[in-house]
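What follows is a short report on a single structure.
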Protein chains: 2
Amino acid sequence: MIEIMILPFPLSNLKRTGRTKLHLKKNEALFRQGDITTAIFFVISGAVHLVRHTHEGHSVILHRAVSGTTFAEASLFSDVYHCDATATEPAEVIRLSKTDILALVTADPDFAQALLKRFAQDVQTHRKHLEILAIKGAEDRVFAALVSFGQSGTVTAFAIFVGLTTEATLRALSKLVQQGKVTKLKRGHYEVPDTSITPRSVTIKSSV
Amino acid sequence: MIEIMILPFPLSNLKRTGRTKLHLKKNEALFRQGDITTAIFFVISGAVHLVRHTHEGHSVILHRAVSGTTFAEASLFSDVYHCDATATEPAEVIRLSKTDILALVTADPDFAQALLKRFAQDVQTHRKHLEILAIKGAEDRVFAALVSFGQSGTVTAFAIFVGLTTEATLRALSKLVQQGKVTKLKRGHYEVPDTSITPRSVTIKSSV
DNA sequence: TACACTATATGATCGAAATCATGATTTTGC
DNA sequence: GCAAAATCATGATTTCGATCATATAGTGTA
């Protein structure tokens, strides 16, 4: 039961039947927008993207779930999934039955609190994402996203995440590299060196 | 104790000391980004905007809390507030002590579950917001936001919410009115008539 | 009432990112 | 291993929204 150790909340009381280990191939979908919700998930290895599709073919990467994190927690209280979940690389995930989780919430206060914390983190992450999308210049936006989230996955995926085209993102990255604010590790892999991470001093004036 | 009736979760067990009623004037700040977190809030009347400020003066309206909703729930698990909370119109709010709420989570399973549900709703709302910001055309974006969230507050506030300038938003609105997709109630007040709300048929192909 | 201030509205210009285009490189599936 | 597909990269052109400017309608208040 090694996996229980790395779960962000204690599962000792969860029925064994409530847990299933799944192996996903690349591009394999775990669930799709509109599917009936039956479970939340925990990533052991690999990565899963949560993607929302809009009417006219637009798509947003809402979240990239990586090793050691849970996802689709919000589905506990909604009837259908509101996004697609697709493995972007081969992944192992644990499926946690929705009904069992809900039962455990009622039975185990510590579990409930741990789950609440995860939800709160989700909210914070989404807010950070919203904050980044509000930044106007492509260069500033890409840099902010790189500082806050890092380049998870391909540049193309990163571009969708920051709400720009791949071209615009690449151009911004190459300019940032020129300026020394970003390091190009290798083709398609960029990173913010520690030195360039300036602590944002929150100097808010009390005057309106 | 009228207010307890309209709270989205049962507060009967919350210590009386944990609740304080506050009266906010227009533009009065409840807390600011960086302040130590001590409470979550419930809106009785009026409206409170949660605004996030980025390094270079950009701002995002993360959330508009209106009558009957709670806000700053995420602060339960973080040390400082990550955004400003300001009344955009005179407002009455109830301050709910953070420590008391956390105690109640442990003591009352029903309360814990109700709170979890609220968090989940928050996540869903933020996702919808992210989805809207991913829409490229100004016209499409404004229309989508109007359908999903309605025009809460002024056009200027709505413009910030959708990530456009006031001018671009007004132009988009006036075009949408021309097309009959949006109704102009009066100067600065727009609405999507029921007839134009097309149910988005989720026809996702299983291929790819 | 008069004044200041803010929000709404629309027009003109400019610039930044989307789009289109073309190759090179890497990965993936057979 | 090899062909096909996807990704990375950069250049040229176009388009849409930002910006600047100006005017009007409300709103608060002295």
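Chain letters run A, B, ... following the sequence lines, proteins first, then strands; residues in each count from 1. Basis for what follows: all heavy atoms, side chains included, without hydrogens, waters or symmetry-related copies.
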- request: Report yes if the side chains of B:V123 and A:V123 come closer than 4.5 Å at any heavy-atom pair, otherwise no.
  value: yes

field: Contact check, side chains of B:V142 and B:F158, non-hydrogen atoms, under 4.5 Å
entry: yes

Judged by modelled atom types alone, do [X] and [Y] share a side-chain donor-acceptor pair under 3.5 Å?
X      : Y      : result
B:S75  : B:K98  : no
A:E92  : A:S45  : yes
B:R32  : B:T86  : no
B:Q124 : B:R127 : no

message: Tell me the closest heavy-atom pair linking B:Q151 and B:G188, and the distance in Å.
response: NE2-O, 2.9 Å

- prompt: Mind checking whether A:H126 and A:H63 have parallel, tilted or perpendicular rings, split at 30° and 60°?
  reply: tilted

task: Name the nucleic acid region contacted by A:Y190, choosing base, sugar-phosphate or nothing; use a 4.0 angstrom heavy-atom cut-off, strictly under.
output: sugar-phosphate

- prompt: Checking all strands, does A:K25 fall into the base, sugar-phosphate, or nothing category for heavy-atom contacts under 4.0 angstrom?
  reply: nothing

- prompt: the helix from C:dT1-D:dA30 to C:dC30-D:dG1: angle between its terminal axes, five pairs each, to 10°?
  reply: 60°

task: Let me have a per-nucleotide readout for nucleotides 17-30 of chain D, 5' to 3', with B, S or -, counting only protein heavy atoms under 4.0 Å.
output: SSBB---BB-----

message: Looking at C:dT8, I'd like to know if its phosphate oxygens (OP1 or OP2) sit under 4.0 Å from a side-chain N or O belonging to B:T156.
response: yes

